[in-house]
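Everything below concerns the one structure shown next.
Proteins come first, then strands; the chains are lettered A, B, ... in the order of their sequence lines, and each starts at number 1.
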Amino acid sequence: MRFSSALINTLRETPKEAETVAHKFMLRACMIKKLGAGIYDWMPLGFKSLQKVISIIREEMNKAGAQEVLLPVLSPAELWKETGRWNVYGKELMRIKDRHDNEFALGPTHEEVITDLVRREVNSYKQLPINLYQIQGKFRDEIRPRFGVMRSREFLMKDAYSFDRDEEGAMKSYKNMFETYVKICKRIGFKFRAVEADSGAIGGNLSSEFMVLAETGEDTIIYCEQCEYAANMEKASFKKDPVVDAAEEPLTKVHTPNIRTVEELAAFLGKKPEETAKTILYIVDGKKMAGAVIRGDREINEVKLKNALGASEIRLATPEEILEKTGAPVGFAGPINLREKGIRLAVDETAAYLKNTVTGGNENDYHYTGVNRGRDYQENLIADFAVAKKGDKCPKCGGALNEQKGIEMGHVFFLGNKYSKSMKATYLDESGKSKEMVMGCYGIGVSRVVAASIEQNNDENGIIWPMAIAPYEVNIIVVNAKYKEGMDYCETLYKELKEAGIDVIMDDRDISPGVKFKDADLIGFPLRVVVGEKNFVTGQVEVSYRRDPKNRIMLDKNSVAGEIINIVKSEKTGNTK
RNA sequence: CGGGGCGUAGCGCAGUGGUAGCGCGCUUGGUUCGGGACCAAGAGGCCGGAGGUUCGAUCCCUCUCGCCCCGACCA
């Protein structure tokens, strides 16, 4: 490509909407243009990178034995009603009606559609296992689209679905995809980490997220400094403190006027926050109230709590609801006599074994001391729903846990029979018996991958593309387009590289050299060839890496093509230095 | 959904009750040519939309649409 004819309008100033590094540079480098909130045009330069990501994913998926399909974006509401997700998926599901008032969803993911396809086409154990995937635009009506292409309402996704005869086979498929994702991340050049994750609206009970490590990531990863344990904060657990054995004290009601927070309460009673237990009231699935008891110094992880309660949605109860149901204002809820008021009681492991703790009295201005579970109150369930944080102990080895931010580029799920059951996706085994297929599903946010890569590879001047997904691998800069000998040489070099299969762009624009250098840095082509008159008259041409701009290598003009071809080929096959 | 903010040229911004400017970018000509050069001449705007007040509105008022940020976290 000649720069002079490419649609690359770089911007000197950052459009004000951009927050993150990747978003800023993608806009300035003319990779994407905004059409609306969370809706973007992919410009030629951005699309080239996107296509390279697509190619890598496609190659690895094919190598893993998956078959590519293309499913419709538009899917009938009936399919979603069959699995119940028409309601469960919530407002994030984009819904439309046709002229006959029939309802449709714009696919945010395709479990229903693929399961429907497979139940119609696959009937025999001989056809299993099978793994089908597609690369396609997905639609999600995000609460708040953000960071450009990182969280947008329409985005490109690779989604794959595996169908197996049994759990054992499905686990093999899952591991196969896990390994494939590792390969994809490595080829793209990510610094990443695979972590245990919550399954969210997709379902299933085993899942791993592939996190690209970056400060601007929206997810927090909890990992162990000593062993392999790593989990999304939504899922992460930690080793609980040992149970302290102490003689049970009598239950005592204490007047605690205007004492509402744990800090106030602990100070008032001369105790530490971890010697108290707080009770937080939730509304489960929009109807019933539930109480969650946790140690005073701990925070509730609502994702874990929601799972423990078997709920699809929970929210904090309002002060009015609390007063009406418990008879006490906010700040005085406690587990004692709560179940008698028809409130389900979940107790976190941090609070379950506390001896002689302090809780709310369910009465204005009163708390209890000397509270012991079993003697003073009975729970519906004990579970782990506390937030794990930096400094906690690893649940596997007891080592110190630490935190870091990450961008979720992919997610693999072991689904089990969630969809095959509700949608009756069955096959006949050797004995003619009908059995449910066991499924897995595997997603990669393809457009997000491009942004995540930039987030991980940049400096103050712009993007630093890894060779594998750079829009162009090499940029040839003619310092002065009117210098005929230099220009002629560049033309020859350009053709030679192109013929050798190198993705090359030549900046042949008749503008001052500073602009060309600035654009080269901003867009971030991995390799730069500079042909300037002063060097060229002595037969020298300068080559440099974007990632190491100060290191300029002077080459004989006749050896440039060969060198470049070697560098690009070796970097693309993963031999990066 | 709650709170805050912003809509004026492609991008970044000024501005005024009498229908608009600046910088960058763009076009043309010329001089430059190794880190966003210079001179000259140009093109480009229903001042987000609708209604109202007014002799007159981009400006004041009302509504609306769009966009951005923060929050939707606790006893």
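- Comparing the P positions of C69(B) and C13(B) gives an interatomic distance of 14 Å, to the nearest angstrom.
- Comparing the same atom, P, in A40(B) and in U53(B) gives a spacing of 49 Å after rounding to whole Å.
- Residues passing the side chain to side chain contact (heavy atoms under 4.5 Å, CB included) test with R2(A), sequence neighbours excluded: S4(A), S5(A), E491(A), Y494(A), M506(A), D508(A).
- For the side chain to side chain contact (heavy atoms under 4.5 Å, CB included) criterion with R298(A), the lone passing option out of D348(A), D392(A), V262(A) is D392(A).
- Taking atom P on both A9(B) and G48(B), the two are 8 Å apart, rounded to the nearest angstrom.
- Comparing G331(A) and N461(A) against RNA chain B, the residue whose closest nucleotide sits nearer the 5' end is N461(A).
- The side chain to side chain donor-acceptor pair (under 3.5 Å) test with R546(A) singles out one residue from D459(A), N475(A), N461(A), and that residue is D459(A).
- Residue N9(A) is out of contact with every strand shown, counting any heavy-atom pair closer than 4.0 Å.
- A search for side chain to side chain contact (heavy atoms under 4.5 Å, CB included) contacts involving R375(A) returns E248(A), L251(A), N372(A), not counting sequence neighbours.
- Among residue pairs with one or both ends in residues 532-544 of chain A, those qualifying as salt bridge (charged side-chain N to carboxylate O under 4.0 Å, His left out) are E542(A)-R552(A); sequence neighbours excluded.
- Comparing G3(B) with U64(B), their P atoms sit 14 Å apart, to the nearest whole Å.
- For the side chain to side chain contact (heavy atoms under 4.5 Å, CB included) with L493(A), the qualifying choice from I476(A), I564(A), V541(A) is I476(A), the only one to do so.
- Within residues 17-27 of chain A, the residues that place at least one heavy atom under 4.0 Å from RNA chain B are, in residue-number order, E17(A), E19(A).
- By the side chain to side chain contact (heavy atoms under 4.5 Å, CB included) test, V330(A) is found to be paired with P319(A), I322(A), residues two or more places apart in sequence or in another chain being considered.
- Within 4.0 Å (heavy atoms only), Y282(A) reaches at least one base atom of the nucleic acid.
- Remark on RNA chain B: of its neighbouring residues T279(A) and R28(A), the 5'-side contact belongs to R28(A), judged by nearest-heavy-atom nucleotide.
- Pairs of residues two or more places apart, or lying in two chains, that qualify as salt bridge (charged side-chain N to carboxylate O under 4.0 Å, His left out) and include a residue from residues 364-373 of chain A are R373(A)-E379(A).
- The separation of U58(B) from C46(B), taken at their P atoms, amounts to 13 Å, rounded to a whole angstrom.
- C61(B) and G2(B) have their C1' atoms separated by 26 Å, with the value rounded to a whole Å.
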**Prompt:** Would N337(A) and N362(A) count as a side chain to side chain donor-acceptor pair (under 3.5 Å) if you check the C-alpha gap in whole Å, the side-chain angles of each, and the deciding distance to 0.1 Å?
**Reply:** CA-CA 8 Å; N337(A) 296 327; N362(A) 292 326; over 6 Å; no
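- Take E408(A) and apply the salt bridge (Lys or Arg N to Asp or Glu O under 4.0 Å) test, not counting sequence neighbours, and it matches no residue.
- A salt bridge is defined here as a Lys NZ or Arg NE, NH1 or NH2 lying under 4.0 Å from an Asp or Glu carboxylate O, and K304(A) with D384(A) meets this definition.
- Nucleotides of RNA chain B that come within less than 4.0 Å of any heavy atom of chain A span, from the 5' end to the 3' end, C6(B) to A75(B).
- Because its NZ or CZ atom is not both nearer than 6.0 Å to the ring centre of F147(A) and within 45° of the ring axis, R151(A) does not count as a cation-pi partner of that residue.
- For the side chain to side chain contact (heavy atoms under 4.5 Å, CB included) with Y483(A), the qualifying choice from V537(A), V478(A), D488(A) is V537(A), the only one to do so.
- Contact check of residues 522-533 of chain A against RNA chain B (heavy atom, cut-off under 4.0 Å) returns R528(A), V530(A), G532(A).
- Nucleotides G49(B) and C59(B) have their P atoms positioned 10 Å apart, rounded to a whole Å.
- Around atom NZ of K288(A), no more than 12 heavy atoms belonging to other residues, nucleotides or ligands sit under 6.0 Å away.
- Looking at residues two or more places apart in sequence or on another chain, you find a side chain to side chain contact (heavy atoms under 4.5 Å, CB included) between Q456(A) and F190(A), K191(A), V212(A), L213(A).
- Counting only Watson-Crick and G-U wobble pairs whose two key distances fall under 3.5 Å, RNA chain B forms stems of three or more stacked pairs at B:1-7 with B:65-71, B:10-13 with B:21-24, B:26-31 with B:37-42, B:48-52 with B:60-64.
- If you check residues 351-383 of chain A against RNA chain B, you find no residue with a heavy atom closer than 4.0 Å.
- Within 4.0 Å of L281(A), counting heavy atoms only, lies at least one base atom of the nucleic acid.
- The existence of a salt bridge linking R146(A) and E218(A) is confirmed by a sub-4.0 Å separation between a basic side-chain nitrogen and an acidic carboxylate oxygen.
- Among the protein residues, R552(A) comes within range of the nucleic acid bases, having at least one heavy atom under 4.0 Å from a base atom.
- Using a 4.0 Å heavy-atom criterion, one finds that K516(A) contacts no nucleic acid atom at all.
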**Prompt:** Under the side-chain contact (heavy atoms from CB on, under 4.5 Å) criterion, do F238(A) and K393(A) qualify, and how do the steps go?
**Reply:** CA-CA 5 Å; F238(A) 60 96; K393(A) 292 195 184 84; 5.7 Å; no
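- Going from the P atom of A41(B) to that of C33(B) covers 24 Å, rounded to whole Å.
- Note on A333(A): nothing from the nucleic acid sits closer than 4.0 angstrom, heavy atoms only.
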